[in-house]
Structures are given as structure tokens and as C-alpha cells.
Amino acid sequence: MSSPQRAVSLTTPELPRKAVLQAVGRTIDEWGSRNLRALPWRDTRDPWHILVAEVALQQTQAPRVAERYASLTSALSSPTATVELGKGGVIALWSGLGYNARAVRLHAAAEAIVERFSGVVPSSNDDLRSLPGIGPYTAAAIEAFAFERDVAVYDTNVARVMARAVLGAPTTATHGWQVVSAMVPAGSGWSFNQAIIDVGATLCTARNPQCDACPLRRRCAWKRSGALIDPALSTAGTSRPQGRFEGSARQARGRVVERLRQGSATFRQLHDVTGWEDEAKVRAIVVALIDEGLITRHAANYSLG
DNA sequence: CAATCGTGGAG
DNA sequence: TCTCCAAGATT
């Protein structure tokens, strides 16, 4: 007799009602129609230029990438041009952006596109994910922003909006993505995703959120609950706590690569720029940089690529 | 899965 | 000055 009503699983949190999510989605989209930031990659649908921008945007603030967008897309005008510039050229171009492995992967992605996709950026999620340096976020971003598909992007900004305004509780990347996926207004994937990212980046910020100006202030779950603790503190696995930078391997690696952007150098010169005493430790990071394809050695000289 | 991977601006 | 963290991906 006991007919199973509905399967409630502890590992599969329920989604808020679809109608509610759709209403929130339209509210965000409408706000975006009047408040989107003027960012250069929003004026194109060139899949390669958007791919370049999205890779540069990984863990790097939009205003910093915006300053570099023109020079990046000029030097990396197409997958073919990127391949021809060479890996070292792309790494050199990446100066100041951080996370130099992204330059290596961007060059590799260009090669893959030329070799496997005839130089045309693929549009399916699986094909995009098969490219070096293109993960869950970036693949969805290219689908939505270059091909205007109604998919949801899920980055640190969206994660905050989900945890705070929509759910009012900490969540996981998987669940948060399911929730936002149900919010995308049909036919408005491009504008909705741009809008929700901007809500997170300009209003629902990590620190000191501007709730008074938020289009969701009326229905914000966090605000309505009156909770003092921020639901977005340890949420979504989109942004992880970072170790101390001063004196770290990351700092020394960055100095080595930056030095090589000026031209080739000897080990002694690389050792000097690290500011480290222990030569063995410097040798270790140089070996690692070679293994990772960031630098090469010709006889006694090191260079990019 | 937790650690690793740069650099710079904001508070 | 110092801490936090930013349109994540990879191993």
C-alpha cells in the first residue's frame, strides 16, 4: 500500500521550485539589461577571442584582464596565429597575469583546435572540455558567451549568489550548478549569465556586499533569514584558501619566468632573481618548470617555452 | 581529494 | 602592514 511518494535523498538536496527559480532568473536578467559592466569581451562572439578571455579570467579579476584584452586578442588573433607565435611567445605575452601554466595550456589548446578541429573552435561541451586548460567553468562560458547557448556558468560569483540569495545556506558546486541551471531564462543564456556574474562581482561581493542595490534584496534567503554567518564563506569549492605567498615556491617560480621574459639566462642569473639561498631548492623549481613546459634549457642557457 | 599554481588590488 | 581573494584547472 505504501506508495513511494518521492525519493528524498540526503546526497541529492532538493531544488527550490522551478517557478521560483525562473522568477529569480528573470529578475537577474532584467537587472543585467540595465547594469552590465562594459567589458571588451562582451562586444564580440568570436569563439577564440572569448576562449582567450575566459582563460585569462581564471582566478584573475575582470578589470585586470580588460586592460589586456586588446593586446591579447591582437597577438592571439586566431588559433593558427597563436600556434605560429609559439609557446614561448604566448608565455611572454602573459606577463603580469599570473598562473603562467595557463599560457602553456592556451597554446596547447590552439594546437589541438588546429589539429583536431580544422582551426575552428568546437561548440560542444565535450569537445571544449577536451582542450587543455578548459574545465567545467570555461567550457560553459564559451558555450554561453560565444555560442549563446542556454547553459549555466558556475564560477565563484555565481556560487556566492546561490549560497546567499537563493539557498541561504552553504552548498556544493554540483548542487549550486543544478540550481542556477534551472534559472536560465529560455533564449537568454548569454545575458542571464553575464548578469548573474555581475551581480556577484559588483553587488554580492565576497566582502562588504552592497545589499541595498541588489535586485534580489526582497527575496534574498540570507537577508531574510537574518543570519549573521555568511553562507558563502566555505562554499562551492570554487575558491580555495591560499598559502602564504612571501617566500613561497610560487613567488620564486614567478620571478624565474619573469626574468626569462627579458631574455635567456644562466642558472646563476635565475638563482639570483629568486632571492633564495639554497641552490638545491632553486634547481628543483627550475626542473619543475622544465617538466611543466614553461621553460627550456639549451646548453647553459634557459629560455621561455 | 587536497595541494599546487602568480600577481595585484582592495579593505 | 597584512590579510584576503579573484569569470579555475590539473594532478
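Numbers restart at 1 for each chain; the letters A, B, ... are given by sequence-line order, proteins then strands.
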Does A/Trp41 reach a base, just sugar-phosphate, or nothing at all? Heavy atoms under 4.0 Å. base
Find the distance A/Gln59:CD to C/dC5:C1' and express it as a whole number of Å. 8 Å
If you draw a 6.0 Å radius around CH2 in A/Trp190, do more than 12 non-hydrogen atoms from other residues or ligands fall strictly inside? yes
dist A/Leu39:CG -> A/Leu57:CG (nearest 0.5 Å) comes out at 8.5 Å
Atom-pair distance (CZ on A/Arg102; C1' on B/dT4), nearest Å: 14 Å
Can you identify which nucleotide, out of C/dC5, C/dG8, C/dA7, has its nearest atom closest to the A/Arg207 side chain? C/dC5
Identify, between A/Asn208 and A/Leu97, the residue whose nearest nucleotide on DNA chain B lies closer to the 5' end. A/Leu97
Just compare C/dC5, C/dA7, C/dT3 and give me whichever is closest to any side-chain atom of A/Arg244. C/dT3
Confirm from the modelled atom types if A/Thr60 and C/dG8 form a donor-acceptor pair under 3.5 Å, side chain to base only. no
Rounded to the nearest 0.5 Å, the CD1 atom of A/Ile113 sits from the OG atom of A/Ser130 at a distance of 8.5 Å
Expressed in angstrom and rounded to an integer, what is the separation of A/Arg250 atom CZ from C/dC5 atom P? 14 Å
Can you tell me whether the side chain of A/Gln242 and the base of C/dA6 have a donor-acceptor pair closer than 3.5 Å? yes
Please tell me which of A/Ala206 and A/Gln58 maps to the more 5' nucleotide of DNA chain C, matching each residue to the nucleotide holding its nearest heavy atom. A/Ala206
Gap in Å between the two P atoms, one belonging to B/dG11 and one to C/dA7, rounded: 13 Å
Let me know the distance between CG of A/Leu39 and P of C/dA6, rounded to the nearest Å. 16 Å
Is the distance from OP1 or OP2 of B/dG6 to the nearest side-chain N or O of A/Ser248 less than 4.0 Å? no
Minimal non-hydrogen separation, A/His49 against A/Ser77, with atom names: NE2-O, 3.0 Å
Integer-rounded Å distance: C/dT10 C1' and A/Leu294 CG: 13 Å
Look at all strands and tell whether A/Ala141 reaches a base, only sugar-phosphate, or nothing, counting heavy atoms closer than 4.0 Å. nothing
Starting the side chain at C-beta, find the nucleotide from C/dA7, C/dG8, B/dG6 nearest to A/Phe245. B/dG6
Expressed as a whole number of angstroms, how long is the span from A/Gln61:CD to B/dG11:P? 11 Å
Below 4.0 Å: OP1/OP2 of C/dA6 and any side-chain N or O of A/Thr156: yes
Sugar-phosphate only, base, or nothing, as touched by A/Gly98 at under 4.0 Å among non-hydrogen atoms: base
Can you find a side-chain donor-acceptor pair between A/Arg42 and A/Gln194 that sits under 3.5 Å? yes
Between C/dA6 and B/dG6 - C1' atom distance, rounded Å: 12 Å
Between the side-chain atoms of A/Arg64 and the base atoms of B/dA10, is any donor-acceptor pair under 3.5 Å? no
For the pair made of CZ in A/Arg105 and C1' in C/dA9, what is the distance, rounded to whole Å? 6 Å
Sugar-phosphate, base or nothing in reach of A/Pro63, heavy atoms under 4.0 Å: nothing
Have a look at A/Tyr99 and tell me which of A/Gln58, A/Arg250, A/Gln59, A/Arg105 forms a side-chain hydrogen bond (donor to acceptor under 3.5 Å, both in side chains) with it. A/Arg250
Whole angstroms only, please: what is the CG-P distance between A/Leu106 and C/dA7? 19 Å
